[in-house]
Amino acid sequence: MSRVYNFSAGPSFLPESVLLRAREEFLDWHGTGMSALELSHRSEEFIGIAEQAESDLREVMSIPPNYKVLFLHGGGTGQFAAVPLNLLSENKSGAYIHTGYWSGMAIEEARQFGEIHVAASGKDSGFTLIPPRESWVIPFNAAYLHYTSNETVNGVEFHTVPDVGDVPLVCDLSSNILSRSVDVSRFAISYAGAQKNMGPAGVTVVIVRDDVIRHNPHGVPSILDYERQAASGSFVNTPPTYSWYFVGLVLDWVREQGGVDVIEQHNIRKSQKLYSAIDASPFYSNPVPTEFRSRMNIPFHLADPSLEKKFAADARAAGLTTLEGHRSIGGIRASLYNAMPEAGVDALIAFMAEFERKYG
Ligand SMILES: Cc1ncc(COP(=O)(O)O)c(C=O)c1O
């Protein structure tokens with residue numbers, strides 16, 4: 001079977017050249033007679049792979065030297081716990097911007113570990129917009145402010161980094177990392193699971209500024225403890241070696257594309273094409289105002305919602321897969337991560353026009 005255009009929100013489409021390279025190296029990584037899957041994490045070979053991936057990530061994201069880059073288990077969800085566990089202390093609270101499903105999950109998880117304030121919420125808009133910065137109420141004792149730069153389910157994206165003064169800013173970059181230039185030095189902590197723009201599930205990148213790494217914080221499990229992970233080079237336990245290796249392959253591909261700036265221009269073009277097709281038709285609609293629309297995840301509805309199942313099934317039969325919306329809101333969702341070529345977006349737009357012609 002030929003490869004399909006996979007619009008999954010994650011794990012998601014990967015560049016074919018990366019998959020081919022992984023296949024080529026699979027049985028015998030660089031003449032070792034072993035797969036990268038089989039290398040000891042303590043071996044010179046794996047340490048080389050790990051260091052190279054870190055240095056490539058530092059280069060493509062311009063990560064300053066006063067930040068540690070950790071490659072951890074536990075996904076974005078692990079960081080929902082790690083952030084309050086590492087940053088909260090007595091009389092301090094965590095502030096959150098609630099812009100949709102995933103920031104909501106971060107808030108719920110953090111509530112288990114301390115006092116949490118929702119500084120602003122897009123709930124009244126049905127999570128279709130980002131509350132204006134002037135309306136945010138950040139408590140005086142905030143140890144940090146957490147936000148989700150791209151809401152994967154709701155299709156809402158921050159297009160600038162908010163200014164929160166001296167409050168350490170924590171950003172969940174899970175679904176738009178490497179999709180656009182971002183000034184990492186604005187964050188105390190940023191993190192992302194790899195399974196959207198960086199590679200397979202199983203490894204989570206955490207970029208943490210040295211001064212927020214606390215010495216020996218009380219009651220933090222060692223695998224979530226930034227200090228212990230930083231001191232051990234993310235080797236507190238056996239790291240997710242194959243996923244880490246794979247991130248390195250994806251980073252090579254990012255560089256081959258010309259880097260994040262070039263990829264960002266592709267992402268702007270791809271997403272604009274799809275939004276234009278949606279806006280041009282009374283048959284399709286996206287509820288998010290232009291200035292908050294995500295370039296990565298584009299949810300939309302059909303005028304007749306009873307046709308949505310058929311839309312996704314027919315699309316799948318036409319080689320355009322995983323267009324079902326998230327189970328919490330339904331509808332259709334097209335995820336246009338870095339690896340989705342413009343031809344995939346064109347094919348989706350052509351399919352949408354044909355579906356509308358038949359059933360509109
Ligand atoms: C923005 C965002 N944050 C966090 C998560 C949770 O990530 P994980 O499944 O790696 O825990 C997701 C998953 O899709 C996400 O999209």
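These numbers come from the heavy atoms of this one structure, side chains and all, not from hydrogens, waters or symmetry mates. Counting convention: from 1, in listed order, for ligands and their atoms alike.
- With Phe351 as reference, Phe311 is the one residue of Tyr284, Phe7, Phe311 to meet the ring-ring contact (aromatic ring centres under 6.0 Å, His included) rule.
- For Arg23, the salt bridge (Lys or Arg N to Asp or Glu O under 4.0 Å) test picks out no residue, with sequence neighbours left out.
- Residues His98 and Phe127 bring their aromatic ring centres within 6.0 Å.
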Report the C-alpha distance between His301 and Glu308 in whole Å, list the side-chain angles of each, state the deciding distance to 0.1 Å, and finish with yes or no for side-chain hydrogen bond (donor to acceptor under 3.5 Å, both in side chains). CA-CA 8 Å; His301 277 285; Glu308 286 171 352; 3.0 Å; yes

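- The side-chain hydrogen bond (donor to acceptor under 3.5 Å, both in side chains) search around Glu354 returns Arg357, not counting sequence neighbours.
- Applying the salt bridge (Lys or Arg N to Asp or Glu O under 4.0 Å) test to Lys309 and every residue at least two apart in sequence or in another chain returns nothing.
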Return a table of N or O atom pairs, ligand 1 on one side and protein on the other, at distances under 3.5 Å, rounded to 0.1 Å.
| unit_1 | atom_1 | unit_2 | atom_2 | d |
| --- | --- | --- | --- | --- |
| ligand 1 | 3 (N) | Asp172 | OD2 | 2.6 |
| ligand 1 | 10 (O) | Gly76 | N | 3.1 |
| ligand 1 | 10 (O) | Gln195 | NE2 | 2.9 |
| ligand 1 | 11 (O) | Gly76 | N | 3.2 |
| ligand 1 | 11 (O) | Thr77 | N | 2.8 |
| ligand 1 | 11 (O) | Thr77 | OG1 | 2.6 |
| ligand 1 | 14 (O) | Lys196 | NZ | 2.8 |
| ligand 1 | 16 (O) | Trp102 | NE1 | 3.3 |
| ligand 1 | 16 (O) | Thr152 | OG1 | 2.5 |

